[in-house]
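Single-structure report; data block below.
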There are 2 protein chains.
Amino acid sequence: MARTTLTDVAKALGLSTTTVSRALAGYPDVSEATRERVRATAQAMGYVPNRQAQLLRRKRAGAVGIVLPPTSATGGDLLLSEWLVRVSAVLQAYELDFVVASADSLGSEQEIYRRLVSGKHVDGFLAPYPRVHDWRLDFLKREEVAVVAFGRSQPEDHVPFVSLDDKKAMILLVKHLARLGHTQIGFIGASEELLVQRDRWMGFKEGISQCGLELNSDFVQEGDMSCAGGYFAAESLLALQHPPTAIVCINDATALGAMRALRQKGLRPGKDIAITGFDDISLASYASPPLTTIHQPLEEIATQLVGMLLQRFEKTPEMETSWVLQPTLIIRQSCGCDVSMRQLASGVHVLTASPRHLTSTVEEFENA
Amino acid sequence: MARTTLTDVAKALGLSTTTVSRALAGYPDVSEATRERVRATAQAMGYVPNRQAQLLRRKRAGAVGIVLPPTSATGGDLLLSEWLVRVSAVLQAYELDFVVASADSLGSEQEIYRRLVSGKHVDGFLAPYPRVHDWRLDFLKREEVAVVAFGRSQPEDHVPFVSLDDKKAMILLVKHLARLGHTQIGFIGASEELLVQRDRWMGFKEGISQCGLELNSDFVQEGDMSCAGGYFAAESLLALQHPPTAIVCINDATALGAMRALRQKGLRPGKDIAITGFDDISLASYASPPLTTIHQPLEEIATQLVGMLLQRFEKTPEMETSWVLQPTLIIRQSCGCDVSMRQLASGVHVLTASPRHLTSTVEEFENA
DNA sequence: CTGTTAGCGCATTCAG
DNA sequence: CTGAATGCGCTAACAG
């Protein structure tokens with residue numbers, strides 16, 4: 001019942017383990033004939049390398065880790081769940097294991113990283129949503145563990161990342177709302193700790209100013225990237241004497257929560273108050289009304305990130321090139337658009353996106 | 001920069017690695033004095049056992065795996081995402097790594113299991129949604145790998161599981177709808193391959209019959225546990241000459257999709273047609289209208305499952321006791337209830353559940 | 001092109 | 001109570 005080992009194969013062939021090992025590993029210094037012979041019998045004997053031994057020898061973990069931050073842990077941030085699935089698929093192709101852990105409190109988040117790093121459970125990490133003073137990134141650099149980030153990281157952290165151009169995306173959203181006639185636009189963001197908040201907030205302000213509108217500080221609320229956060233933030237907004245006529249949310253979950261708050265008050269999202277999200281999670285098209293949002297090309301992001309991480313595993317850590325992706329505005333109905341209005345929007349390019357029956361994709365050209 | 005090893009600690013103390021190893025492992029045959037000394041310096045030197053070496057020696061992987069089935073992979077089944085997070089938290093407590101992989105096609109699902117098992121990447125698996133002839137379970141048993149299931153498994157598979165009493169839960173839902181006056185109740189399920197479909201479907205039929213209603217085969221549609229599946233299935237239902245006045249969905253994602261289909265047709269879920277879900281994913285309370293559904297106590301489920309899996313790691317595979325949990329009906333608004341109606345429901349016990357502002361929990365007593 | 005020699009870091013016999 | 005010896009299964013120098 002014991003698994004067949006390299007030695008078994010070597011014995012059966014009358015070769016040394018070295019040769020077998022190298023033949024299987026595809027080293028060039030093995031005759032084609034032997035290689036084939038080895039491969040065949042290894043296969044026949046059902047040989048599979050023992051991972052632990054291999055890793056011990058190679059001093060690698062053969063795995064990549066991710067630690068979900070507390071908010072997402074409760075299922076708050078749907079984007080990360082979807083992203084995670086994409087990442088796991090990409091990693092799969094490289095025969096790397098994907099170790100996922102979730103933190104429910106800040107303390108445990110640190111513990112998890114420490115445990116995973118000190119025990120060499122993983123070769124590197126994917127860090128979601130970089131923060132302003134990101135101890136995770138600091139820690140990993142200090143420990144010399146490879147890491148790449150999903151979302152922009154601060155230049156001084158020297159952590160390569162893949163991110164949408166959040167600022168630009170926000171400008172697209174605000175312009176879109178302004179074009180629909182909104183002048184009273186609110187914003188529900190998240191903790192200033194998160195760079196994603198800083199960037200999207202900056203984009204929001206920029207958009208407001210580019211459209212010649214005024215920024216009303218009463219219209220700005222802090223959520224936490226979750227439905228619940230969006231709900232309560234929207235409640236505050238609605239309690240105002242003169243609430244905004246449109247609310248830009250930092251992500252889709254927030255928008256979903258905000259829409260619920262509207263409905264609770266008897267208001268119709270998309271009719272009485274426009275709502276926009278960010279991320280285009282798969283649920284966005286199924287919301288009521290379907291969410292106008294910014295699309296995150298998760299597949300592409302996951303592929304890029306893993307590629308970059310693999311790069312970092314190399315001895316020669318090539319210069320870090322981060323990726324900033326161009327945003328795509330997805331116009332559905334939560335912004336108050338209907339199909340006819342969508343055609344009216346000038347300077348836009350209408351595409352179709354799945355699920356086709358629920359969506360039209362609009363990609364806006366710069367300064368349209 | 002090399003990590004401190006057991007030998008380092010032993011040298012520093014003038015002891016043998018054996019003693020240090022045993023002291024740290026808490027063996028009884030080490031004097032209390034030495035143990036303390038060892039512990040202290042090990043700590044001081046920042047010693048952390050090398051995982052790969054430890055595992056190689058112990059012939060274990062120190063990890064538990066899960067392979068997400070294709071449908072969930074696309075973010076289709078939100079329940080699994082939430083469950084996964086809970087599981088990871090529990091595993092964390094046992095210092096076990098959680099390896100997650102996702103399959104995008106059936107072929108790759110098999111490959112993944114094979115890879116993870118033959119390479120001994122994990123010590124055991126958590127299998128979601130057992131199937132009728134479940135090759136995953138067969139394969140794992142053949143390979144003598146520990147496995148427990150989330151959702152009922154077939155008796156002949158001898159795989160312990162944790163599951164809600166799906167049948168009973170469905171009866172609760174149907175009775176609830178019947179009590180609200182519905183006689184034309186539809187059902188959107190999933191593939192008959194899934195036991196969860198068989199059980200919930202059986203519960204549905206049972207409920208219909210217990211309420212003295214007739215089963216209309218036109219009212220039965222097959223989805224795929226995802227929003228998209230629910231959407232298309234509901235479309236078919238709505239295309240009928242006389243559509244049902246209530247639709248019971250196999251899970252929340254399906255319900256969300258179905259509600260979208262209604263809205264697309266200008267119908268109001270909860271008003272024109274009642275909709276119910278199953279799972280109570282965190283988004284359920286934020287749907288429009290909030291979803292009436294069955295709650296899954298994921299925390300408890302995760303804890304149980306991991307406990308059972310650990311049991312199976314033991315030499316003595318104690319008799320397998322599966323867990324069937326009692327369902328809790330969560331009444332929100334997608335069933336057409338409003339607060340006043342909820343009070344009218346007889347034989348129910350009203351509780352509060354979070355988020356409090358959106359929900360009332362109703363636990364029904366047997367045969368109420 | 002192939003084999004010999006050495007460990008990777010740890011946990012476990014078996015003797016003291 | 002402690003230590004010396006052994007090997008988990010594999011890969012990587014270094015010779016030939």
Side-chain angles (χ1 to χ4, degrees), chain A residues 1-39 41-42 45-63 95 97 117-121 123 313 315, chain B residues 1-39 41-42 45-63 95 115 117-121 123 313 315:
Chain A
M1 210 59 233
R3 315 230 334 272
T4 64
T5 114
L6 200 60
T7 324
D8 295 339
V9 180
K11 265 189 196 133
L13 282 161
L15 287 173
S16 76
T17 60
T18 315
T19 310
V20 176
S21 171
R22 282 192 292 214
L24 259 23
Y27 272 52
D29 52 355
V30 163
S31 81
E32 202 41 62
T34 344
R35 158 157 309 125
E36 227 6 271
R37 223 155 52 88
V38 169
R39 216 168 258 170
T41 51
M45 297 177 69
Y47 168 72
V48 175
N50 175 310
R51 175 151 244 250
Q52 276 71 40
Q54 216 170 35
L55 296 177
L56 169 59
R57 194 53 239 247
R58 289 189 179 146
K59 294 185 179 308
R60 298 205 311 106
E95 307 243 305
D97 284 345
V117 167
S118 65
K120 282 240 180 302
H121 293 196
D123 295 315
F313 289 166
K315 280 287 177 206
Chain B
M1 210 59 236
R3 315 230 332 272
T4 64
T5 115
L6 201 59
T7 324
D8 295 338
V9 180
K11 264 188 197 136
L13 281 160
L15 286 174
S16 76
T17 59
T18 317
T19 308
V20 175
S21 171
R22 281 192 294 214
L24 259 25
Y27 272 51
D29 53 354
V30 163
S31 80
E32 202 41 63
T34 355
R35 158 159 307 126
E36 228 4 273
R37 224 154 53 88
V38 170
R39 215 168 258 169
T41 50
M45 298 177 69
Y47 168 71
V48 174
N50 174 309
R51 178 149 240 255
Q52 276 70 39
Q54 214 170 38
L55 296 177
L56 170 58
R57 194 49 238 249
R58 290 190 178 144
K59 297 186 177 305
R60 298 207 311 107
E95 307 242 307
R115 191 173 78 82
V117 166
S118 65
K120 282 241 180 302
H121 293 195
D123 296 314
F313 289 166
K315 279 287 177 205

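All heavy atoms count here, side chains included; hydrogens, waters and symmetry mates do not. Residue numbering restarts at 1 for every chain, and letters A, B, ... go by the order of the sequence lines.
Residue side chain A:Ser21 does not reach the base of D:dA12 through any donor-acceptor N/O pair under 3.5 Å, judged by distance alone.
Proximity of A:Tyr47 to A:Leu24: side-chain heavy atoms (C-beta onward) are separated by under 4.5 Å at one or more points. Side-chain contact check for B:Asn50 versus B:Thr5: every heavy-atom pair is 4.5 Å or farther apart. Residues A:Thr41 and A:Arg37 have side chains not in contact (no heavy-atom distance under 4.5 Å, counting atoms from C-beta outward).
The side chain of A:Thr5 contributes no N or O atom lying less than 4.0 Å from OP1 or OP2 of D:dC8. Look at B:Lys120 and you won't find any side-chain N or O under 4.0 angstrom from OP1 or OP2 of D:dG9. When the side-chain nitrogen and oxygen atoms of A:Tyr47 are compared with OP1 and OP2 of D:dC10, one or more of them lie within a distance under 4.0 Å.
Counting all heavy atoms, side chain and backbone alike, B:Ala61 lies closest to B:Leu55 at O-CD1, 3.4 Å.
With hydrogens and angles disregarded, a donor-acceptor distance shorter than 3.5 Å links the side chain of A:Arg35 to the backbone of A:Tyr27.
Heavy-atom distances to DNA chain D give each of B:Ala53 and B:Ser16 a nearest nucleotide, and the one nearer the 5′ end belongs to B:Ser16.
D:dA12 atom P lies 6 Å from atom CZ of A:Arg57, rounded to whole Å. Here D:dA15 presents its P atom at 14 Å from CZ of A:Arg22, a figure rounded to the nearest Å. Rounding to whole angstrom units, CG of residue B:Leu13 and C1' of D:dC1 are separated by 16 Å. Between the CD atom of B:Gln52 and the P atom of D:dT11 there is a distance of 14 Å, given to the nearest Å. In this structure, the CZ atom of A:Arg58 is 13 Å from the P atom of D:dA13, given to the nearest Å. Atoms CD (A:Gln54) and C1' (D:dG9) sit 9 Å apart, rounded to a whole Å.
Between the CZ atom in B:Arg22 and the OG atom in B:Ser16 there is a gap of 7.0 Å [rounded to 0.5 Å].
The side chain of A:Leu56 sits closest to D:dG9 out of D:dG9, D:dA12, D:dT2.
Think of the region where chain A sits on DNA chain C: with heavy atoms and a 4.0 Å cut, that region ends 5' and 3' at C:dC1 to C:dG9.
Using a 4.0 Å heavy-atom cutoff across all strands shown, A:Leu6 reaches at least one base atom of the nucleic acid. A:Leu55 comes within 4.0 angstrom of no nucleic acid atom, judged by non-hydrogen atoms across all strands.
Salt-bridge formation is detected for the pair A:Arg51/A:Asp97: a Lys NZ or Arg NE/NH1/NH2 atom is positioned less than 4.0 Å from an Asp or Glu carboxylate oxygen.
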